[in-house]
Amino acid sequence: MPEWPEMDTYRRLLSPLVCGHAIEAVEVNREKTINEPVGEFQAALTGRKVLFVERRGKHLLFHLDDGNRLLLHLMLGGWLYYGPRPEKEDSTYQVVLTFDDGNRLFFGGLRLGYLHRLSAKSALEKLKDLGPDPFDSRLTPEAFAKRLGARRGKLKPTLVDQKLVSGIGNCYSDEICFDAEVLPTASIPDLTEETKLRLYRSMRKVLEEATTNGGYMDRKFTEDDTYVGGHDDRVRVYDREGEPCPRCGSPIRLEIVSSRKMFFCPACQKDR
DNA sequence: AGGAGTACCCGGACGC
DNA sequence: TGCGTCCGGGTACTCC
């Protein structure tokens, strides 16, 4: 669920809180979340300092002072919470890291999500197929149009393909198509050059706006947090079946395409 | 190539 | 309130 804006919001908020701090304790309540026996994981992480936090697509990479990395993917339903105490005492968290300043980083809702301890090399190997970041300066409008134009499928499945561009998921692919006034089911070979450039502008605009608003996560990040999730009620079409299109007033339609939800305005989004 | 199907997982939503 | 059932979502894999 968390996509580019949500993960980048976490990265931005987390960096000043954990960078330069050492991990003092490691709690693992779900062994499947990690990639080695709990004891080894705890022993390897205890005393390690976080140098910086990097986002790659929908992943977060915690760079540790021994050269290794913690690779996080929240998949569906995962979230982060940071503070001296858990959000609710009876909440269950799959992993909890305690830092040397008494604060803790809680990893919650990790069902399919994971937190893996990897060497720098194997972390790179794991992420090698990720496409460019949407805001990579080398990804010019022309480069994006060319990359997209090399595909032959439908627009939405291609936008959520992490090999095209990394970080776009089910929600923002619909938001981008809506902003660009193209149907998510449009066939890429039928798109005009102008539409591909419009998709590029919409991609950057939609992701940037959502990130500025704090993404759509529905959980607080810290106890007094009122920022994270601020974009949730600004989403234009996703999860708004039947509501009037913000552009033309027609009811937003929901269709299932290859078992994923797709929200769009049938009136003002076109097929090329 | 791309698209369809499927497994993974379990909190939370829903039904009674 | 309580118990059972089912769903969703990103990714990785298979197969056509």
Side-chain angles (χ1 to χ4, degrees), chain A residues 1-10 28-35 55-61 71-81 86-96 106-116 118 122-131 133-134 146-177 183-191 207 210 215-220 229 231-232 235 237-241 254-263 271:
Chain A
M1 251 172 142
E3 307 174 35
W4 200 102
E6 290 69 41
M7 296 313 287
D8 206 63
T9 298
Y10 277 144
V28 178
N29 300 309
R30 179 179 177 272
E31 194 157 2
K32 280 185 180 176
T33 299
I34 61 175
N35 60 330
R55 183 196 46 71
R56 293 268 270 121
K58 303 175 192 173
H59 306 257
L60 281 191
L61 272 167
L71 178 66
L72 171 71
H73 198 308
L74 295 176
M75 296 287 256
L76 58 136
W79 78 91
L80 298 178
Y81 185 80
E87 186 177 5
K88 298 185 194 103
E89 280 305 330
D90 59 351
S91 293
T92 57
Y93 300 92
Q94 286 71 45
V95 178
V96 183
F106 300 88
F107 298 79
L110 297 181
R111 285 173 257 176
L112 300 180
Y114 54 85
L115 182 68
H116 286 181
L118 299 168
S122 39
L124 273 180
E125 171 65 21
K126 183 128 188 178
L127 302 176
K128 70 173 169 27
D129 290 332
L130 279 187
D133 191 84
K146 193 177 168 189
R147 238 182 135 71
L148 185 62
R151 303 298 195 99
R152 273 176 279 136
K154 286 182 175 150
L155 185 53
K156 181 183 170 86
T158 306
L159 286 176
V160 301
D161 183 347
Q162 301 302 295
K163 294 198 269 301
L164 179 84
V165 165
S166 55
I168 297 172
N170 211 31
C171 171
Y172 291 112
S173 57
D174 284 355
E175 295 296 304
I176 292 165
C177 290
L183 287 166
T185 48
S187 167
I188 293 171
D190 293 341
L191 298 178
L207 296 180
Y216 61 54
M217 296 301 293
D218 57 1
R219 283 180 181 269
K220 292 200 288 187
H231 192 64
D232 194 40
V235 169
V237 289
Y238 194 79
D239 242 346
R240 296 197 182 278
E241 184 190 12
L254 161 65
E255 277 180 28
I256 307 294
V257 170
S258 58
S259 71
R260 30 182 4 136
K261 284 182 178 178
M262 171 182 74
F263 297 87
D271 62 7

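All chains are named by letter (A, B, ...) in the order of the sequence lines, taking the proteins before the strands, and each is independently numbered beginning at 1.
Checking B/dC9, C/dG10, C/dG9 against every side-chain atom of A/Arg30, the shortest atom distance belongs to B/dC9. Residue A/Arg152 places its side chain closer to B/dG2 than to any other of B/dG3, B/dG2, C/dT11. When distances run from any side-chain atom of A/Arg151 to the nucleotides B/dG2, B/dG12, C/dG9, the shortest one goes to B/dG2.
If you take CG of A/Leu159 and P of C/dG10, they are 13 Å apart, rounded to a whole angstrom. For A/Leu112 and B/dA7, the CG to C1' distance is 9 Å, given to the nearest whole Å. Rounding to whole angstrom units, NZ of residue A/Lys261 and P of C/dC7 are separated by 12 Å. C/dG10 atom C1' lies 13 Å from atom NZ of A/Lys126, rounded to whole Å. The nearest whole Å value for the distance from the NE2 atom in A/His116 to the C1' atom in C/dA12 is 13 Å. Atom-to-atom, CG of A/Leu74 to P of B/dC10 comes out at 16 Å; the value is rounded to the nearest Å. Taking atom CZ on A/Arg219 and atom P on B/dG12, their separation rounds to 6 Å, with Å as the unit. Residue A/Glu241 contributes atom CD, which lies 12 Å from atom P of C/dG8 at whole-angstrom precision.
Residue A/Tyr172 places no side-chain N or O under 4.0 Å from the OP1 or OP2 atom of C/dG10. At the phosphate of C/dG10, OP1 or OP2 sits under 4.0 Å from a side-chain N or O atom of A/Arg260. Dashed line: the shortest gap from a side-chain N or O of A/His73 to OP1 or OP2 of C/dG10 is not under 4.0 Å. At least one side-chain nitrogen or oxygen of A/Lys32 sits closer than 4.0 Å to the OP1 or OP2 atom of B/dC9. The phosphate of C/dG10 (OP1 or OP2) has no side-chain N or O of A/Gln162 nearer than 4.0 angstrom.
Nearest-nucleotide positions on DNA chain B place A/Ala150 closer to the 5' end than the other of A/Ala150 and A/Gln94. The residue among A/Arg111 and A/Lys58 whose nearest nucleotide of DNA chain C is located toward the 5' end is A/Arg111. In terms of position on DNA chain B, the residue among A/Met75 and A/Gly109 whose nearest nucleotide sits closer to the 5' end is A/Met75.
Counting only distance, with no hydrogens or angles, the side chain of A/Lys156 and the backbone of A/Asn170 share a donor-acceptor pair below 3.5 Å. Checking side-chain atoms of A/Glu3 against main-chain N and O of A/Cys171 turns up a donor-acceptor pair under 3.5 Å.
At the heavy-atom level, A/Tyr93 lies nowhere under 4.0 Å from the strands shown.
Between A/Arg56 and A/Asp133 there is no salt bridge, since no side-chain N of the basic residue sits under 4.0 Å from a carboxylate O of the acidic one.
Closest heavy-atom contact between A/Arg151 and A/Asp161: NH1-OD2, 3.1 Å. Residues A/Arg111 and A/Arg30 share a closest heavy-atom pair of O-NH2, 2.8 Å.
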